[in-house]
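The sequence lines fix the lettering, A, B, ..., with proteins before strands; numbering per chain opens at 1. Owing to the predicted nature of the structure, the values given are computational and were not obtained by experimental measurement.
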There are 2 protein chains.
Amino acid sequence: MPRYLIDPDPGLALRDLSSAMGTRILSEGLALMNEIGLEAFTFKKLAERMGSTEVTVYHYFANKQRLLQYYFQVYWLWLATHCKQEGRNLADPLERLQGDIKAICGIWPENARANRFDPDDLRALVINEGSKSFLHKNVDSDNELKLFKPYKDLCAHIAGEVKACSPRAKHARSFATTLVEMAHSLEFAMHHLPALTELSEKKDRKQLAAYLIDLANRYVAQK
Amino acid sequence: MPRYLIDPDPGLALRDLSSAMGTRILSEGLALMNEIGLEAFTFKKLAERMGSTEVTVYHYFANKQRLLQYYFQVYWLWLATHCKQEGRNLADPLERLQGDIKAICGIWPENARANRFDPDDLRALVINEGSKSFLHKNVDSDNELKLFKPYKDLCAHIAGEVKACSPRAKHARSFATTLVEMAHSLEFAMHHLPALTELSEKKDRKQLAAYLIDLANRYVAQK
DNA sequence: ACTTGTATTATAGTATTACTATACTTGCAG
DNA sequence: CTGCAAGTATAGTAATACTATAATACAAGT
């Protein structure tokens, strides 16, 4: 019996994570990685924080990159599920697309939970560290292991909505990827590199969503 | 007398780089960083490759992040100069914007040189490793040191062209950032995560530019 | 009750990384 | 010919990212 609604690739972890120890590694790991960043994060520090040992953590994950990729998968799996769920009640594809954009901008119900995680914590991690999941020399072998499938699936889902709005769009997938990427990098910019965006003034996710919805409306409207 | 047309922040390096040693560090460093990636790159390996010593390299740069940020600055400084130069011959802001988009997509004259570097090498590095310049816990202090100014300046320049095309655009800066970011992340996607974009089929920078020009035309056209 | 296996811990050790310190040499500039 | 900056040689340190081995604890199956 699976403990979660949606599970990441079992190949990411070396051992079943539903145990008490697995649970603590995942929850404390997320908190610590968010606090100190991937570079400073070590399994030793995580073990100390948990009152356990480095070796124990190594029995669950081969290295910290795999742990990051685990969170990366949970986040995108959950987001895609959430988007598809919300879309069921909407007949108009443009409304569905706008709903998806709000979701990728982090606008979701209070108290939402992504499996056992707080989706705000996952989102923060994915914004700050997520691209390190694939920006390295092993990207091609990791991709063959399908580690980025949940991310691609969400982009494909959004591309589907774009197509539904504008069947003749030639770059629906590229545009969906644009929306997803910018939902994250503009949020990073508005907190750390404010000169890059007008959104820094209010630092409001709703404004971020409004920009991307406007962009989507313009993209989908013509022709 | 400055050796370069455009120089990065002098605070990035610990010592003047115009010497023979400085030149070799910069050129071999770029090649090695592109070959093995930032994580595997060390000053020791660079020194071995150059037939010099680790300590010598440490006399030029405090750490490899600073060296990366140096290349990051050179790239954006050169690109902005190139864009502004090309724009001088064009009266129509939309044509200037389209020219800028081609430039950020890596379409520039054969044999172009960015200071002493091959801009294709710089572009490859910035695509694969560039975001590690700012995706870390020191981003705010590095930003106070103005290390990201050349990047922001190019985005601001492009935002100016967007404004010129569409004076009432509310998110010109956010949109300029969107263009610049996607010129890089879609190029990465088309080589390593092909499911994310239609551009993977031909892997052609011109098609990438065509997508972004189309996006810009749609963004600028309305209202 | 006894065995087997799995999970966790304890302890140790290694190669590499990311530096820092000190002192020596060499070449050139004043 | 003297001084100073650049480069080299050598050494050393704390931390990282693991791997290996063995001991313990506990739970399930026979």
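- Between the side chains of A:Asn143 and B:His192, no donor-acceptor pair of N or O atoms lies under 3.5 Å.
- Ion pair B:Glu187/B:Arg123 flagged as a salt bridge, since at least one NZ, NE, NH1 or NH2 atom sits closer than 4.0 Å to an Asp/Glu carboxylate oxygen.
- Rounded to an integer number of Å, the gap from A:Gln65 CD to D:dC18 C1' is 12 Å.
- Atom CD of A:Glu39 and atom P of C:dT17 are 16 Å apart (whole Å).
- Atom CZ in B:Arg24 sits roughly 17 Å away from atom P in D:dA6 (whole-Å rounding).
- Near DNA chain C, meaning a heavy atom under 4.0 Å away, the residues from residues 52-60 of chain A are A:Ser52, A:Thr53, A:Val55, A:Thr56, A:His59, A:Tyr60.
- C:dT17 atom P lies 16 Å from atom CG of B:Leu67, rounded to whole Å.
- A donor and an acceptor atom, one from each side chain of B:Thr197 and B:Ser200, are nowhere located under 3.5 Å apart.
- Between B:Tyr151 and B:Tyr75, the distance from one ring center to the other does not fall under 6.0 angstrom.
- Distances shorter than 4.0 Å separate none of the side-chain N or O atoms of A:Arg15 from OP1 or OP2 on C:dT6.
- Regarding A:Asn63, its CG atom lies at a distance of 20 Å from the P atom of C:dA15, rounded to whole Å.
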Practice item. For the pair B:Tyr211 and A:Phe175, evaluate ring pair (Phe, Tyr, Trp, His ring centres under 6.0 Å) and give the outcome as yes or no after the intermediate values. Key: CA-CA 9 Å; B:Tyr211 161 67; A:Phe175 184 68; 7.2 Å; no
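- Protein atom CG of B:Leu32 is 11 Å distant from nucleotide atom P of C:dT17, rounded to whole Å.
- Annotation: of the two residues near DNA chain D, A:Lys44 and B:Asp16, the 5′-most nearest-nucleotide partner is B:Asp16.
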Exercise for review: Verify side chain to side chain contact (heavy atoms under 4.5 Å, CB included) between B:Phe148 and B:Trp76, making sure each step is shown before the conclusion.
Suggested key: CA-CA 9 Å; B:Phe148 312 118; B:Trp76 297 113; over 6 Å; no
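- In this structure, A:Lys64 reaches the sugar-phosphate backbone alone: every heavy-atom distance under 4.0 Å involves primed, P, OP1 or OP2 atoms, never a base.
- Taking 4.0 angstrom as the limit, A:Lys45 places none of its side-chain polar atoms (N or O) nearer than this to OP1 or OP2 of D:dA15.
- Taking atom CZ of residue B:Phe43 and atom C1' of nucleotide C:dT16, one finds them 16 Å apart after rounding to whole Å.
- Between B:Arg66 atom CZ and C:dC19 atom C1' the separation is 15 Å, expressed in whole Å.
- The shortest distance between side-chain heavy atoms of B:Leu125 and B:Phe72 does not fall below 4.5 Å.
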